[in-house]
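Single-structure report; data block below.
All ligand and atom numbering here is 1-based and tracks the order in the structure.
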Amino acid sequence: MASRSLVVVALGGNALLRKGQKGTPEEQWATARVAAESLAKIALNGVNLVITHGNGPQVGMILEAFESLPPERPRPSLDIANAMTQGWLGYLIAHSLTRTLRDKGVERETVVVATRVVVSKKDPSFKNPTKYIGSYYTREEAERLMREKGWVMKPDPRKGWRRVVPSPRPLHIIEHSLIKHLAERGAIVVAVGGGGIPVTEELEPVEAVIDKDLASSLLAREIAADKLVILTDVPGVAINYGRPGERWLSRVSVDELEGLYREGHFPPGSMGPKVEAVIEFVRATGKPAAIGRLEEAYDVYQGLKGTQITP
Ligand code: ADP
Ligand code: MG
């Protein structure tokens with residue numbers, strides 16, 4: 001009997017909070033149910049499924065909520081805020097899947113794994129933090145926060161001043177073998193939320209944000225997944241994106257994609273890390289990867305839609 005394939009599916013932050021939504025619990029459930037409908041189709045196709053997710057908007061919501069408290073009340077550190085979003089979003093995804101599958105007459109275990117990811121203290125990003133998080137401030141407020149809290153703040157090209165934190169490369173997923181074990185047992189596993197909680201080799205928690213696409217790729221390699229699928233809000237990978245000569249790629253070899261990456265088609269912070277993530281996975285495993293739209297998850301997984309990256 002052929003064993004079931006093991007697939008890692010990464011969800012973008014938008015999959016759980018759409019642009020323009022306030023984020024009421026009703027909106028959160030409605031959005032999670034839409035994502036669960038897409039994911040259920042993959043899970044029902046004889047697949048052992050591990051789901052990862054972003055958390056940018058939700059970490060922002062948590063930090064802002066604490067900022068509105070009186071100054072003497074303590075604030076969570078970034079690693080703790082990340083852990084909060086793993087429980088919160090993991091619950092939304094896992095419970096929506098349980099309900100969606102039950103509506104289809106299927107009982108499947110779902111489980112959320114609070115996931116820690118090892119990073120190096122020597123990562124260059126600690127000397128040059130670049131990842132924007134939380135609210136926007138005026139220059140005067142930013143100067144006060146840098147003095148009082150020791151934050152590093154930079155002007156965000158979009159609006160005002162914002163806190164920036166390091167985004168170190170993920171080196172190792174602490175719970176990877178447990179995640180593999182749970183998935184091979186048939187449970188749908190939600191893990192590595194928000195890129196995982198960063199800790200050093202000595203297990204010291206660190207205030208940083210790991211890119212969720214790079215962490216998902218690392219997990220997929222560490223559990224020897226058969227396919228890595230990255231779901232987002234565009235139909236796939238384009239060259240000359242948003243410019244004359246825009247062309248969406250339906251099938252591309254890893255060599256060809258790497259060439260396009262070097263030509264600068266994929267900006268950091270959006271499509272860049274997704275492309276890097278699939279290149280690393282396909283190179284290391286010789287297995288395929290795909291990038292596509294959440295609503296088309298099943299077809300993207302099957303190789304019918306999105307951008308398919310081949311060894
Ligand atoms: P997610 O929350 O899913 O990680 P991101 O906003 O980080 O989503 O990345 C997806 C975005 O990348 C798309 O909405 C698109 O605007 C942008 N993008 C930048 N360059 C490209 C490209 N070459 N092809 C496709 N999308 C691109
Ligand atoms: Mg992103």
Side-chain angles (χ1 to χ4, degrees), residues 8-21 23 28 31-32 34-35 38-39 51-61 82 85-86 88-89 92-93 130-133 156-159 162 164-165 167 170 190-196 209-220 228-252 254 256-281 289-297 300-301 305-309:
V8 172
V9 177
L11 301 181
N14 303 320
L16 297 160
L17 187 74
R18 293 194 189 269
K19 284 172 191 132
Q21 282 187 340
Q28 295 186 34
T31 319
V34 172
S38 287
L39 297 168
I51 299 163
T52 67
H53 61 86
N55 71 352
Q58 293 84 6
V59 158
M61 280 170 78
N82 183 309
T85 66
Q86 290 192 349
W88 164 16
L89 301 175
L92 283 174
I93 296 168
T130 52
K131 172 89 184 155
Y132 290 102
I133 58 155
D156 185 323
R158 275 165 291 203
K159 249 171 148 185
R162 271 179 107 186
V164 285
V165 295
S167 189
V190 184
V192 205
V209 170
I210 302 173
D211 182 85
K212 75 106 179 28
D213 296 310
L214 297 182
S216 304
S217 170
L218 175 61
L219 176 69
L228 170 64
V229 178
I230 299 181
L231 299 175
T232 183
D233 60 355
V234 283
V237 181
I239 54 171
N240 299 314
Y241 176 71
R243 290 192 306 255
E246 178 182 277
R247 185 164 68 83
W248 293 88
L249 307 171
S250 56
R251 187 165 288 274
V252 63
V254 67
E256 207 182 328
L257 188 63
E258 200 160 3
L260 295 167
Y261 185 58
R262 286 211 205 90
E263 284 170 25
H265 286 278
F266 316 120
S270 61
M271 195 46 74
K274 296 183 204 316
V275 166
E276 231 182 284
V278 295
I279 290 173
E280 287 181 350
F281 174 76
I291 299 174
R293 220 188 249 296
L294 170 66
E295 291 75 11
E296 298 172 341
V300 174
Y301 157 71
K305 290 236 168 91
T307 301
Q308 303 293 322
I309 300 92

Check this for me - ligand 1, Gly13, N or O atoms closer than 3.5 angstrom, yes or no? yes
Within-cut-off N or O pair, Ala238 and ligand 1, under 3.5 Å: yes
Using a 4.0 Å heavy-atom cut-off, say whether Val234 meets ligand 1 through its side chain, its backbone, both or neither. side chain
If we number the atoms of ligand 1 from 1 as shown, the ones under 4.0 Å from a heavy atom of Thr232 are 1 (P), 3 (O), 8 (O), 10 (C)
Output all residues satisfying salt bridge (Lys or Arg N to Asp or Glu O under 4.0 Å) with Arg243, sequence neighbours left out; order by chain, then residue number. none
Could you walk me through whether Gln308 and Ser250 pass side-chain hydrogen bond (donor to acceptor under 3.5 Å, both in side chains), step by step? CA-CA 6 Å; Gln308 303 293 322; Ser250 56; over 6 Å; no
Donor-acceptor pair, side chain of Ser217 and main chain of Ala277, under 3.5 angstrom: yes
Just which atoms of ligand 1 are under 4.0 Å from any heavy atom in Pro267? 19 (C), 20 (N)
Which residues share a salt bridge (Lys or Arg N to Asp or Glu O under 4.0 Å) with Arg18, sequence neighbours left out: Glu295
Hey, looking at atom 7 (O) of ligand 1, which of Ser270, Pro273, Gly272 has the closest heavy atom? Ser270
With respect to Lys212, determine whether any N or O atom, backbone or side chain, lies less than 3.5 Å from an N or O atom of ligand 1. yes
Would Gly269 count as a contact of ligand 1 if the rule is a heavy atom under 4.0 Å away? yes
Answer yes or no: does an N/O atom from His265 fall short of 3.5 Å to an N/O atom of ligand 1? yes
Passing option when Lys274 is tested against Ile279, Asp211, Ile291 for side chain to side chain contact (heavy atoms under 4.5 Å, CB included): Ile291
Pairwise side-chain contact, Trp88 with Gln58, heavy-atom cut-off 4.5 Å (strictly under): yes
Nearest non-hydrogen atom to atom 1 (P) of ligand 1 belongs to which of His53, Glu246, Lys274, Met271? Lys274
Asp233 neighbourhood, listing ligand 1 atoms whose heavy-atom distance to it stays under 4.0 Å: 10 (C), 13 (C), 14 (O)
Ligand-residue contact atoms, ligand 1 with Gly236, heavy atoms, under 4.0 Å: 25 (C)
Look at the aromatic rings of Phe266 and Tyr261 and report parallel, tilted or perpendicular, splitting at 30° and 60°. parallel
Do Thr52 side-chain atoms and Ser216 backbone N/O form a donor-acceptor pair below 3.5 Å? no
State, yes or no, whether a side-chain contact exists between Leu11 and Ile93 at a heavy-atom distance under 4.5 Å. yes
At a 4.0 Å threshold, what atoms of ligand 1 neighbour a non-hydrogen atom of Phe266? 23 (N)
